[in-house]
Amino acid sequence: MVAWCLLATSIALCVIGYLALTVQGAWFTGARTLYVTPRDLTVTRGSAQLREDGLVLLAPDATGTTLVSLTTSLRSSDYPVIAWETRGVPDYVEAALLWQSDYQPGRVFNRRLEVEAGRIQPFSLERDPNWGGRITGLALGIKGAYAEPIVVRGAAAKTMSAREIIGERIAEWFRFEPWNGASINTIIGGADVQDLPMAFTFAVIVAIAALMYSVLARWRPQWVGTSGAIVVGIMFVIAWLALDGRWQWNLARQVALTAEQYAGKSWHERHAAAEDHAVFAFIEKVRAKLPPAPARVFMVADEHYYRDRGAYHLYPHNVFFDPWSNTMPPASAVRPGDFVVVYQRKGVQYDAAAKRLRWEGGPPVAAELIFAESGGALFRIL
Amino acid sequence: METLALSLGVALPWVLGFAALASIGWPRAEPAGTALALRIGFGYLVGAVLITMWMRGLSMLGIAFGWMSIGIPLIAVAAGLLFYALRSQRLSLVDTRRALVSAVSPTLPSTQRIVWIALLAWLALRFGLLAAEVAWRPLYPWDAWIQWATKARVWYELGRIVPFVRGDEWLAGAGGAYFDASPNYPATVPLLQVWTCVALGRWDDSAMNWPWLAMLVSLTVAVYGVLRGEGVAPLIALLGAYFIASLPLLDVHVALAGYADLPMAAVYTLAALATYRWCLRRDAADGVVALFLALACPLIKNPGWIWALTLVPGVVIALMPRRGVRVVVIGFGLTALIALLLARTEPVVQGYHLHLEFAAGWAQLIKAYFLMGNWNLLFYGVIVVFALGARRLLERPLVALAAIATAGLGFLFFVFAFTQAGYWLADLTTANRATLHLAPLLVTLAVLTWHRLALRTGSLGEGSAAARTV
């Protein structure tokens with residue numbers, strides 16, 4: 001009971017302290033956060049394309065400017081923060097927030113935005129003297145060229161009220177984190193970017209509760225008893241369980257997805273249903289043309305993943321592939337009777353009339369095309 | 001039928017290891033519940049290593065892998081060892097049954113009993129979810145299919161171990177040898193996958209990963225047994241075991257099975273805990289188990305021999321009760337000095353360039369340990385408990401285990417600060433996986449330290465009484 005009371009008090013203190021530091025404007029407001037989808041956005045300068053993952057900015061205009069705008073009608077006092085949700089913004093471009101208001105209709109105001117890890121950071125306008133009246137238009141301006149497309153997934157006008165901040169933090173913690181290529185190395189524990197990581201928050205809550213306990217145990221032992229290790233231990237376990245609850249929930253959601261994709265399927269069908277089914281299907285066709293294992297096979301592809309994954313599916317044939325870089329085997333190492341599997345690789349040429357296979361850095365070798373389909377082929381060295 | 005074959009495939013190493021441990025009378029002088037937990041927990045990993053050693057032997061003799069060459073003889077060996085253990089009264093079926101009943105329905109105060117059952121149910125749910133991932137997901141993580149399952153596939157299909165060689169050797173025409181991304185990696189993990197496929201009767205790159213779940217379960221049970229063996233109350237021991245089973249990154253390595261980091265973590269942790277038991281008890285059977293598992297470390301991953309060496313400080317302290325701590329401290333100092341000198345010459349050891357890199361992305365490491373979801377609250381808890389219990393860690397009984405953990409942490413620091421692994425901290429590809437090897441041991445030591453702290457304040461008086469009834 002003591003542990004629960006101390007934890008509850010600590011949670012209350014932490015929440016109030018955090019809100020005192022982060023709330024901008026009114027703590028409680030009737031206004032709700034306004035979300036803008038990519039469909040609501042217009043690109044007035046530069047070229048862009050609306051895709052499933054958002055508005056993709058392809059290139060700036062001739063002056064090196066890209067401008068994404070939208071028409072709004074929001075009360076500036078209700079919305080002290082504007083957040084653009086972006087990906088792939090390079091550090092070397094300049095990003096700015098532009099707006100117009102009915103307070104000074106003829107003027108366009110702008111403020112420079114910070115870019116961190118490819119994302120434009122939310123911007124607070126609470127103390128900006130020009131953020132007044134009704135905001136009639138917002139825009140994101142990007143100055144400078146960019147090699148890779150920038151994705152704008154939307155924008156939000158935030159109230160930064162207590163309810164919104166707490167809701168956002170909880171939403172970040174409980175954002176579903178599906179398996180990806182990096183999962184085996186690291187687990188984020190919720191949204192990719194978190195203002196207040198859950199593990200850190202719970203550690204602080206337990207630390208403050210433990211501090212309160214030690215103070216009370218010193219000055220008011222009759223209130224909390226003297227079983228310090230037990231009380232602090234219980235608080236630690238409760239915090240651990242809370243974090244573990246989130247993790248178990250995430251795992252359960254992942255299992256539901258995995259079941260939908262793979263349950264009830266054979267080993268072969270599971271690979272055919274996987275995200276990389278195309279390379280698996282291609283290698284299955286190659287395998288059907290190969291003699292019984294083990295044949296000597298060279299696997300080449302431009303993409304690191306396809307090269308390595310294709311090789312994996314070729315075992316137990318005696319496969320050679322470059323696990324680290326996109327190289328071709330030396331022509332001198334290729335022998336008659338060997339096979340070469342080419343999958344989505346540029347620079348490999350086959351002269352069907354002369355039956356010659358050629359790639360960079362070596363003389364042509366005599367080879368026979370056994371099988372080919374769009375993007376891939378199997379050759380036998382003669 | 002396949003489910004039965006697969007179950008037998010997972011059960012055989014477990015029964016073999018259990019029988020081997022029971023036949024040598026390990027652990028001695030423990031209550032039935034504790035002894036059972038230790039045998040079940042250590043049994044799987046001991047059996048898994050034994051089965052792969054058997055497979056190496058078969059391959060050397062030119063005998064093809066199959067049920068007849070692996071399954072039947074090892075079932076016979078396990079049965080023989082069990083029979084011997086029963087005959088020699090090193091194993092009691094009555095005690096075993098009683099211990100199993102008390103695990104499900106323990107004699108505890110009602111609140112603790114509810115928590116006990118809830119924790120078991122929560123753990124069962126966790127293992128169930130992980131089992132679903134293992135069963136359904138085709139081999140997923142990168143290294144699993146460029147350096148581990150490559151060998152498993154070839155050895156399964158050919159029915160024997162064939163060599164894997166470096167790319168230049170392969171290109172030069174090494175007759176019959178194969179190539180993959182890491183041809184010099186040890187055979188144990190792929191052999192375990194081969195055995196599971198042999199048991200199943202066909203290649204299946206999902207089903208071959210059931211041993212990873214078995215390892216997590218066995219590690220969990222083993223830690224419970226070790227904690228009980230050190231007098232930790234049943235509920236606290238179960239919580240300690242639960243902390244390990246609930247470490248998110250450990251769970252990921254089961255769900256996305258196929259890497260050797262979880263096997264490395266499990267074997268090293270159990271080797272360290274068996275060493276710790278030997279240090280305290282000087283029982284020959286503990287020594288045999290510790291030595292066996294320590295020697296198994298390099299069979300799992302190449303750095304395993306360094307992990308095995310980190311056990312030495314614990315042994316030194318046990319063998320030199322008076323001067324052990326001083327000797328170990330001097331040893332740590334000398335090792336640090338040698339590392340610093342080596343770093344100046346920038347040599348290459350096992351493919352790693354040694355070079356001091358103090359700016360090696362430590363911020364990323366802190367992020368991985370304290371801010372992200374990899375380790376729950378492990379490092380917060382460990383730092384606080386070790387700070388508060390620093391004196392306990394320098395005294396018997398914890399000093400030996402503390403010395404082992406310190407050596408382990410030193411090794412991790414060395415890897416991050418002196419090799420190019422430091423650069424990999426930046427993208428977090430290695431930091432967490434390297435830490436995974438040590439994390440279960442840190443949890444166990446933290447729980448033992450907390451237990452000592454609680455004993456000092458007298459908080460556990462009632463709990464200890466309850467402990468004796470389970």
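Proteins come first, then strands; the chains are lettered A, B, ... in the order of their sequence lines, and each starts at number 1.
- Contact count against chain A (heavy-atom pairs under 4.5 Å) is highest for B/Ala181 among B/Ala149, B/Ala181, B/Ala135.
- Between chain A and the options B/Asp204, B/Leu436, B/Leu158, B/Leu125, the largest number of non-hydrogen pairs under 4.5 Å is found for B/Asp204.
- For A/Trp359, the side-chain hydrogen bond (donor to acceptor under 3.5 Å, both in side chains) criterion is met by no residue, not counting sequence neighbours.
- Both the backbone and the side chain of B/Leu139 have a heavy atom closer than 4.5 Å to some heavy atom of chain A.
- Of all heavy-atom pairs spanning A/Gly181 and B/Tyr140, the tightest one is N-OH, 3.8 Å.
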From CA spacing to verdict: side-chain contact (heavy atoms from CB on, under 4.5 Å), B/Tyr178, A/Val319: CA-CA 7 Å; B/Tyr178 279 72; A/Val319 193; over 6 Å; no
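- Heavy atoms closer than 4.5 Å to chain B are found nowhere in A/Ala311, neither backbone nor side chain.
- Taking the centre of each ring, B/Trp203 and A/His268 stay at or above the 6.0 Å mark.
- Ring-centre distance between B/Trp145 and A/Tyr315: not below the 6.0 Å cut-off.
- A/Ser183 and B/Leu256 get closest at one heavy-atom pair: CB-CD1, 3.8 Å.
- Heavy-atom distances place both the backbone and the side chain of B/Leu378 under 4.5 Å from chain A.
- Neither the backbone nor the side chain of B/Ala144 comes within less than 4.5 Å of any heavy atom in chain A.
- By the 4.5 Å heavy-atom criterion applied to side chains, B/Leu171 and A/Pro330 are counted as neighbours.
- By the 4.5 Å heavy-atom criterion applied to side chains, A/Ile187 and B/Asp251 are not counted as neighbours.
- Put simply, of A/Lys265, A/Met198, A/Arg309, A/His313, the one with the most heavy-atom pairs under 4.5 Å next to chain B is A/Arg309.
- With rounding to the nearest 0.5 Å, the separation of CZ in B/Arg137 from CZ in A/Arg270 is 11.0 Å.
- B/Glu133 and A/Trp179 share a donor-acceptor pair across their side chains, judged by distance under 3.5 Å alone.
- Residues B/Asp205 and A/Tyr312 have side chains that bring a donor and an acceptor to within less than 3.5 angstrom of each other.
- Most heavy-atom pairs under 4.5 Å with chain B: of the set A/Gly189, A/Pro329, A/Pro316, this distinction falls to A/Pro316.
- Heavy atoms closer than 4.5 Å to chain A are found nowhere in B/Tyr156, neither backbone nor side chain.
- Residues from residues 238-247 of chain A that place a non-hydrogen atom less than 4.5 Å from a non-hydrogen atom of chain B comprise A/Ala239, A/Trp240, A/Leu241, A/Leu243, A/Asp244, A/Gly245, A/Trp247, given in numerical order.
- Of the listed residues B/Ser182, B/Pro138, B/Ala132, B/Gly128, the one with more heavy-atom pairs under 4.5 angstrom with chain A than any other is B/Pro138.
- For chain A, no part of B/Asp261 is nearby; none of its heavy atoms comes within less than 4.5 Å.
- Here B/Tyr380 and A/Phe202 keep their ring centres 6.0 angstrom or further from each other.
- In this structure, CG on B/Asn374 lies 3.5 Å from OG1 on A/Thr186, to the nearest 0.5 angstrom.
- Side-chain N or O atoms of A/Asn318 include one that pairs as donor or acceptor with a backbone N or O of B/Ala177 at under 3.5 Å.
- Contacts between B/Pro248 and chain A at a heavy-atom distance below 4.5 Å involve backbone atoms as well as side-chain atoms.
- Under the 6.0 Å cut-off for aromatic ring centres, A/Phe236 and B/Trp450 do not qualify, their centroids lying 6.0 Å or more apart.
- To the nearest 0.5 Å, atoms CD (A/Gln248) and CG (B/Leu129) are separated by 5.5 Å.
- Heavy-atom minimum distance, B/Trp136 versus A/Ala259: CZ3-CB, 3.3 Å.
- Of the possible donor and acceptor atoms, one in the side chain of B/Asn432 sits under 3.5 Å from a partner among the backbone N and O of A/Asn185.
- With rounding to the nearest 0.5 angstrom, the OG atom of B/Ser206 is 6.0 Å from the NE2 atom of A/His271.
- Contact annotation: the side chain of B/Arg126 approaches that of A/Leu251 to within less than 4.5 Å [non-hydrogen atoms, C-beta and beyond].
- Remark: B/Tyr259 engages B/His253 in a ring-ring contact (aromatic ring centres under 6.0 Å, His included) (not counting sequence neighbours).
- At a 4.5 Å heavy-atom cutoff, B/Trp155 makes no contact with chain A through either its backbone or its side chain.
- Residues forming a ring-ring contact (aromatic ring centres under 6.0 Å, His included) with B/Trp210 (at least two apart in sequence, or on another chain): none.
- Counting heavy-atom pairs under 4.5 Å between each of B/Thr150, B/Val162, B/Asp180 and chain A puts B/Thr150 at the top.
- Of the inter-residue distances, the one linking B/Leu453 atom CG with A/Ile230 atom CD1 reads 11.0 Å to the nearest 0.5 angstrom.
- With a 4.5 Å cut-off on non-hydrogen atoms, A/Gln254 touches chain B through its backbone and its side chain both.
- With B/Trp170 as the aromatic partner, A/Arg296 meets the cation-pi criteria of under 6.0 angstrom to the ring centre and within 45 degrees of the ring axis.
- Both the backbone and the side chain of B/Leu377 have a heavy atom closer than 4.5 Å to some heavy atom of chain A.
- Summarising the geometry, atom CE belonging to B/Met208 is positioned 10.0 Å from atom CH2 belonging to A/Trp267; distances are rounded to the nearest 0.5 Å.
- In the displayed structure, A/Phe200 atom CZ is contacted under 6.0 Å by at most 12 heavy atoms of other residues, nucleotides or ligands.
- Side-chain contact between A/Val237 and B/Tyr242: absent, with no pair of heavy atoms (C-beta onward) separated by less than 4.5 Å.
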